[in-house]
Amino acid sequence: MKLSRQLPVTTAISAIDLLVSAAPELSKGRLKDAMNKGAVQLVGKPVKRLRRAQFMLKPGATLLLNYDEDILQRQCAPATLLFDETAYSIWFKPAGMLSQGNEWGDHLSLLRFAEQHFTPARQVFLLHRLDREASGLVILAHSKKAAAAFSQLIAQRHIAKGYAITVKGQLSADLIANGVISLPLDNKASETRFTVEAYDPVTDCSRLNVQLISGRKHQIRRHFASVGHPVLGDPHYGSGNKSAAGLALQAVCLSFNCPLRRRQQLFELPAALRI
């Protein structure tokens with residue numbers, strides 16, 4: 001079952017009572033589960049997820065219910081905290097986990113997982129995203145000061161991000177010698193640099209190390225598909241590159257001059273988590 005409803009509040013009422021009356025096709029238990037998983041939002045500036053069933057709503061308020069039974073029943077592997085620097089942390093996001101939630105919920109998101117991880121609770125700010133199908137390193141900030149400092153680094157492209165990918169086919173000598181794909185994406189200049197780690201003639205696949213110079217949506221996936229070497233397991237770009245193992249794209253390295261401690265930092269994905 002899938003439904004979306006905007007629920008205006010005309011009289012003081014608890015959130016769960018309003019939901020039960022406005023969505024009679026769903027049981028109270030399902031509605032509470034949807035609230036817990038972030039599928040109910042309270043309109044405001046900003047819009048907030050409402051998880052407390054007994055939260056009292058005032059006249060003039062509006063709730064948004066976005067219920068998708070399939071999404072709410074999904075599960076994924078847990079994220080792993082790899083490096084805790086107090087003001088920020090470095091996490092391993094597994095494939096199948098969102099970086100942050102959407103209107104249909106946030107229970108499968110790294111942001112929500114991190115919010116529930118720390119005791120005592122910390123603020124959690126997402127600084128950059130990694131595709132749901134991809135896995136690897138993600139930075140989270142734990143104060144507004146840290147979030148602002150890292151956001152500035154990202155805007156200035158002062159955080160080096162390294163990726164490991166496996167693509168279909170053997171790259172040409174000219175493409176390898178050039179070591180860069182500079183094809184515009186979304187009418188914007190885009191540059192992806194790479195080196196070849198190995199080619200496997202048995203599977204006809206190449207393993208590459210990649211560095212993003214720009215950061216367009218799905219840049220690595222789109223760039224390599226455009227030159228005839230799509231990433232293995234990519235469900236959206238390329239052909240003949242299906243893989244039961246999933247998307248062969250992983251963020252494996254983060255390097256930057258820490259804006260808080262003024263020292264160079266290098267974080268690498270442990271070998272045990274590499275694909």
Test side-chain hydrogen bond (donor to acceptor under 3.5 Å, both in side chains) applied to [X] - qualifying residues, sequence neighbours left out:
X: Q170; value: none
X: S14; value: D17
X: Q156; value: H158
X: R30; value: none

Shared ILVMFWY cluster between [X] and [Y], side chains joined below 4.5 angstrom?
X: L3; Y: V43; value: no
X: L81; Y: V138; value: yes
X: L7; Y: L26; value: yes
X: L50; Y: L64; value: no
X: Y67; Y: V47; value: no

- Applied to residues 1-25, the ring pair (Phe, Tyr, Trp, His ring centres under 6.0 Å) test, sequence neighbours excluded, yields none
- Of all pairs that satisfy ring pair (Phe, Tyr, Trp, His ring centres under 6.0 Å), the ones with a partner from residues 190-214, not counting sequence neighbours: F194-F224
Within the structure provided, determine whether [X] and [Y] are in side-chain contact (heavy-atom separation under 4.5 Å).
X: H229; Y: L208; value: no
X: D234; Y: H218; value: no
X: D70; Y: W104; value: no
X: K58; Y: V9; value: no
X: V231; Y: Y237; value: no
X: F118; Y: S89; value: yes
X: K161; Y: L212; value: no
X: Q41; Y: P46; value: no

- Item | Residue pair K37 / R51: nearest heavy atoms and the distance that separates them |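 Minimum heavy-atom contact is C-NH1, 4.0 Å.
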- Item | Where Q211 and A160 come nearest, the two heavy atoms and their spacing |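 Nearest pair, atom of Q211 first, then A160: NE2-CB, 4.1 Å.
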- Message: Taking transitive links into account, so neighbours of neighbours count too, which hydrophobic residues share a cluster with L269 at under 4.5 Å side-chain distance?
- Response: L82, F83, Y88, I90, F92, L127, L137, I139, F150, L153, I154, I159, V252, L254, F256, L260, F267, L273
- Message: Let me confirm one number: the CG-CG distance from L18 to L31, rounded to the nearest 0.5 Å.
- Response: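 If I round to the nearest 0.5 Å, the distance is 10.0 Å.
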- State the CE-CH2 distance between M97 and W91, to the nearest 0.5 angstrom.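 Rounded to the nearest 0.5 Å, the CE-CH2 separation comes out at 9.0 Å.
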Tell me if the [atom1] atom of [X] is crowded by more than 12 foreign heavy atoms within 6.0 Å.
X: R5; atom1: CZ; answer: yes
X: Q75; atom1: CD; answer: no
X: R129; atom1: CZ; answer: no

Counterpart residues, side-chain contact (heavy atoms from CB on, under 4.5 Å), relative to [X] (two or more places apart):
X: I275; answer: Q250
X: K242; answer: none
X: R157; answer: S214, R216
X: K168; answer: P230, L232

- Task: Verify, without hydrogens or angle tests, whether S226 (side chain) and H223 (backbone) share a donor-acceptor contact under 3.5 angstrom.
- Result: yes
- Task: Please confirm whether the backbone N or O of D68 pairs with a side-chain atom of Q73, one donor and one acceptor, at under 3.5 Å?
- Result: no
- Sidechain N-carboxylate O distance under 4.0 Å for K217, D186: no
- Message: Looking at E197 and R274, is there a salt bridge between them, counting it only when a charged N and a carboxylate O are closer than 4.0 Å?
- Response: no
- Which residues pass the salt bridge (Lys or Arg N to Asp or Glu O under 4.0 Å) test with E103, sequence neighbours left out? none
